[in-house]
Amino acid sequence: MTQSDCEQKRKAVEFALTATYNLANEVQHYIDEHSLKEDNPPDFLAIAQQLVPGEQQQMEHSLERSSLGQIAEIITTCVQCPLGKLRQHAVPGEGAADASLMVVGEGPGRDEDATGRPFVGRAGKYFDTWLSAIGISREYNVFITNIVKCRPPQNRNPYPEEAHACLPYLKRQIALVKPDAILCLGKVAANYLLETKAALHAMRTTIHRVSNIPVLVTYHPAAVLRNSDLRAPVWEDLKRLAAILNLPLDQGRS
Ligand code: SF4
């Protein structure tokens with residue numbers, strides 16, 4: 001073994017000993033803080049997860065003190081998943097910080113990627129007519145965002161690993177805005193937000209909850225533009241949403 005090999009090995013051993021010492025200290029600290037009784041064995045896996053949080057937990061933890069503006073800044077430079085290298089602009093979301101309604105789509109499309117703003121294409125303009133039908137305006141009482149903040153190529157659905165990498169941002173946005181209701185647009189967004197594989201028609205009929213906030217699911221505006229038969233069920237969903245938010249209704253249809 002050469003001198004340099006020995007030096008490298010010593011460094012590796014030193015690093016391993018330091019890490020073990022630090023971990024042992026953390027475990028000792030945990031044991032001192034929590035009275036672990038022998039007749040009631042603790043959940044060692046849960047303790048290990050607390051002591052060594054996963055990547056997503058670490059990210060959620062690091063976002064805990066971030067404001068909406070700071071989250072938007074972090075997102076614009078984020079490369080937590082491969083979509084970060086493909087985007088023109090990240091689309092953090094926008095709207096009133098104290099919005100009564102939060103709208104969640106699946107991800108930015110071409111127009112959103114080009115502008116950095118959510119729901120600005122044809123489907124977005126159509127969606128604005130849904131909002132105005134229940135007396136909501138982008139100006140003052142809605143916050144619009146997506147499951148993933150960067151555009152998936154060719155507008156494909158976000159992959160699970162992309163959605164999971166990005167969800168801590170949405171969770172923090174929900175915690176900060178504290179909307180009275182969340183409207184999920186389309187099956188993909190709803191499946192990721194509600195952690196289910198249910199079909200859209202099955203999800204529409206239920207009021208779900210995320211962080212104890214009521215969540216309604218309806219069709220994506222782009223799907224309604226392609227199939228006008230969906231307009232009637234969307235109007236039913238919007239009426240349910242208006243009732244939750246105590247909003248007076250425009251009797252015209254979306
Ligand atoms: S999609 Fe989300 S997690 Fe992926 S790079 Fe963009 S901001 Fe980061």
Enquirer: Verify the neighbour count for atom CZ of R156: are there more than 12 heavy atoms of other residues, nucleotides or ligands below 6.0 Å?
Expert: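 Atom CZ in R156 is crowded, with more than 12 foreign heavy atoms closer than 6.0 Å.
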Enquirer: By the ring pair (Phe, Tyr, Trp, His ring centres under 6.0 Å) test, which pairs, at least two apart or in different chains, include something from residues 143-196?
Expert: none
Enquirer: Using modelled atom types only, decide if a donor and an acceptor are shared between the side chain of N141 and the backbone of I136 within a distance under 3.5 Å.
Expert: no
Enquirer: Any link between L245 and V210 through a network of hydrophobic side chains (Ile, Leu, Val, Met, Phe, Trp, Tyr) touching at under 4.5 Å?
Expert: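 Cluster IDs for L245 and V210 match.
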Enquirer: Looking at residues at least two apart in the chain, or sitting in another chain, which of them share a side-chain hydrogen bond (donor to acceptor under 3.5 Å, both in side chains) with E161?
Expert: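 Checked E161 against side-chain hydrogen bond (donor to acceptor under 3.5 Å, both in side chains); zero matches.
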Enquirer: How about L83 and R151: do any of their side-chain heavy atoms sit closer than 4.5 Å?
Expert: no
Enquirer: Are I182 and W130 in one and the same hydrophobic cluster, where Ile, Leu, Val, Met, Phe, Trp and Tyr link if side-chain heavy atoms are under 4.5 Å apart?
Expert: yes
Enquirer: Tell me which donor-acceptor pairs under 3.5 Å the side chains of residues 211-227 have, and how far apart each pair is, sequence neighbours excluded?
Expert:
unit_1 : atom_1 : unit_2 : atom_2 : d
T218   : OG1    : D237   : OD2    : 2.5
H220   : ND1    : A222   : N      : 3.0
N227   : OD1    : D229   : N      : 3.0

Enquirer: Are V148 and P152 close enough that some pair of their side-chain heavy atoms sits under 4.5 Å apart?
Expert: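 V148 vs P152: side chains touch.
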Enquirer: Output the distance between atom OG1 (T196) and atom CE (M203), rounded to the nearest 0.5 Å.
Expert: 6.5 Å
Enquirer: What distance separates Q28 CD from N25 CG, expressed to the nearest 0.5 Å?
Expert: 8.0 Å
Enquirer: Does a side-chain heavy-atom distance below 4.5 Å link R231 with W235?
Expert: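 No - every pair of side-chain heavy atoms lies 4.5 Å or more apart.
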Enquirer: Quick check against the 3.5 Å criterion: does T206 have a side-chain atom that pairs as donor or acceptor with the backbone of H208?
Expert: no
Enquirer: Using residues 73-81 as the side-chain source, report each donor-acceptor pair under 3.5 Å to any protein atom, sequence neighbours left out, with the distance given to one decimal.
Expert:
unit_1 : atom_1 : unit_2 : atom_2 : d
T76    : OG1    : E73    : O      : 2.6
T77    : OG1    : I74    : O      : 3.3

Enquirer: Any side-chain heavy atom of V188 sitting closer than 4.5 Å to one from P158?
Expert: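 Yes, their side chains come closer than 4.5 Å.
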Enquirer: For a quick test of reading the model, state the closest non-hydrogen atom pair linking L241 to A181 and the distance between them.
Expert: CD1-CB, 3.9 Å
Enquirer: Between Q154 and R110, is there a side-chain heavy-atom distance shorter than 4.5 Å?
Expert: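 When only atoms from C-beta onward are counted, Q154 and R110 do not touch, as no gap falls below 4.5 Å.
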Enquirer: Do Q173 and L170 come within less than 4.5 Å of each other through their side chains, counting heavy atoms only?
Expert: yes
Enquirer: Let me check something: any side-chain donor-acceptor pairs from residues 116-123 under 3.5 Å, sequence neighbours excluded? List them with distances.
Expert:
unit_1 : atom_1 : unit_2 : atom_2 : d
R117   : NE     : E94    : OE1    : 3.2
R117   : NE     : E94    : OE2    : 3.1
R117   : NH2    : E94    : OE2    : 2.6

Enquirer: Taking C-beta and beyond as the side chain, do I244 and I207 meet within less than 4.5 Å on heavy atoms?
Expert: yes
Enquirer: Among L183, N146, I147, which residue meets the side chain to side chain contact (heavy atoms under 4.5 Å, CB included) test with V104?
Expert: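 It is I147, the one option of L183, N146, I147 that forms the side chain to side chain contact (heavy atoms under 4.5 Å, CB included) with V104.
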Enquirer: Mind jotting down which residue pairs meet the salt bridge (charged side-chain N to carboxylate O under 4.0 Å, His left out) criterion with at least one end in residues 166-195? Sequence neighbours excluded, please.
Expert: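 For residues 166-195: E60-K171.
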Enquirer: I'd like to know if the side chain of S132 reaches the main chain of G135, judged simply by a donor and an acceptor atom lying under 3.5 Å from each other, with no hydrogens or angles considered.
Expert: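 Not a single qualifying donor-acceptor pair exists.
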Enquirer: Is there a side-chain contact between L101 and L131, using heavy atoms and a 4.5 Å cut-off?
Expert: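 L101 vs L131: side chains touch.
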Enquirer: Check for a donor-acceptor pair, side chain of D113 on one end and backbone N or O of H89 on the other, with a separation under 3.5 Å.
Expert: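 Yes, because the side chain of D113 sits within donor-acceptor range (under 3.5 Å) of the backbone of H89.
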Enquirer: Say whether T145 and K149, considering side chains only, have a donor N or O and an acceptor N or O under 3.5 Å apart.
Expert: yes
